[in-house]
Amino acid sequence: MRICVYMGSRDGSRPSYLEQSKALGKAMAHRGHGLVYGGGNTGLMGAVADEMLGAGVETYGVIPAALAELEVAHQGLTELVITNDMHQRKKAMLDRADAFIALPGGLGTFEELFEALTWQQLGFHSKPVGLLNIDGYYDGLIKFLETSVEAGFVSEHHHKSLIVSDNVEDILDQIETAEVVYVPKNVVPEQK
Ligand code: AMP
């Protein structure tokens with residue numbers, strides 16, 4: 001499987017973010033998965049790519065020309081695709097991957113996670129999407145998603161379609177066995 005990993009261009013403040021991100025890269029390599037990611041050499045992005053390259057795994061980076069300098073495009077990858085803009089980047093990452101996992105990150109990571117999830121909700125792809133909640137980083141977001149269901153804006157089905165785990169091996173088990181079922185988004189909320 002080729003797994004697209006969305007993650008921060010920084011390391012974050014707790015050592016666990018970097019440690020567990022590297023552990024995910026190692027476990028993916030061990031299970032024979034390839035990596036698709038944003039192509040940068042900084043933060044968690046660079047660390048996961050290095051971990052997988054070190055294990056001899058195929059790594060595909062996709063970076064827009066305008067960011068190649070800022071995010072220090074990784075020069076050691078199996079393939080580095082330079083796109084004209086961010087839209088092409090996201091489309092290229094989505095097309096190349098069989099599944100998606102978000103690690104801790106900032107606004108860019110949030111946007112990528114929710115795009116993969118909303119495109120699945122709309123039936124544009126049927127690939128599993130996972131969130132690795134390292135050291136409770138995403139506790140607030142997970143809680144807020146529950147609020148969005150209670151408030152009637154997100155259906156139970158689409159909420160449950162996001163695979164959430166705090167464990168590297170467990171999230172990979174779930175991603176490998178997930179069956180994405182397309183349920184059209186209903187604009188009328190379910191009756192409680
Ligand atoms: P961040 O989580 O903000 O550190 O960003 C992680 C990655 O997401 C970086 O490679 C950013 O270039 C990328 N990114 C930032 N903004 C966007 C966006 N609007 N769409 C897609 N990727 C983005």
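Counting starts at 1 for both ligands and their atoms, in listed order. For clarity, every value in this text was computed on a predicted model and none was experimentally measured.
Among residues two or more places apart in sequence or in another chain, the ring pair (Phe, Tyr, Trp, His ring centres under 6.0 Å) test is passed with Y138 by none. K91 pairs by the side chain to side chain donor-acceptor pair (under 3.5 Å) definition with D95, not counting sequence neighbours.
A donor-acceptor contact closer than 3.5 angstrom is absent between the side chains of S126 and Q120. Of the N and O atoms on the side chains of E176 and H33, at least one donor lies less than 3.5 Å from an acceptor on the other residue.
The immediate protein surroundings of ligand 1, defined as residues with any heavy atom under 4.0 Å of it, consist of M7, G8, S9, M45, L67, E71, M86, R89, K90, G105, G106, L107, G108, T109, E111, E112.
Residue pairs that meet the salt bridge (Lys or Arg N to Asp or Glu O under 4.0 Å) test with at least one member in residues 54-80, sequence neighbours left out, are E71-R89, E79-R96.
Separation of the H158 and Y182 ring centroids does not fall under the 6.0 Å cut-off.
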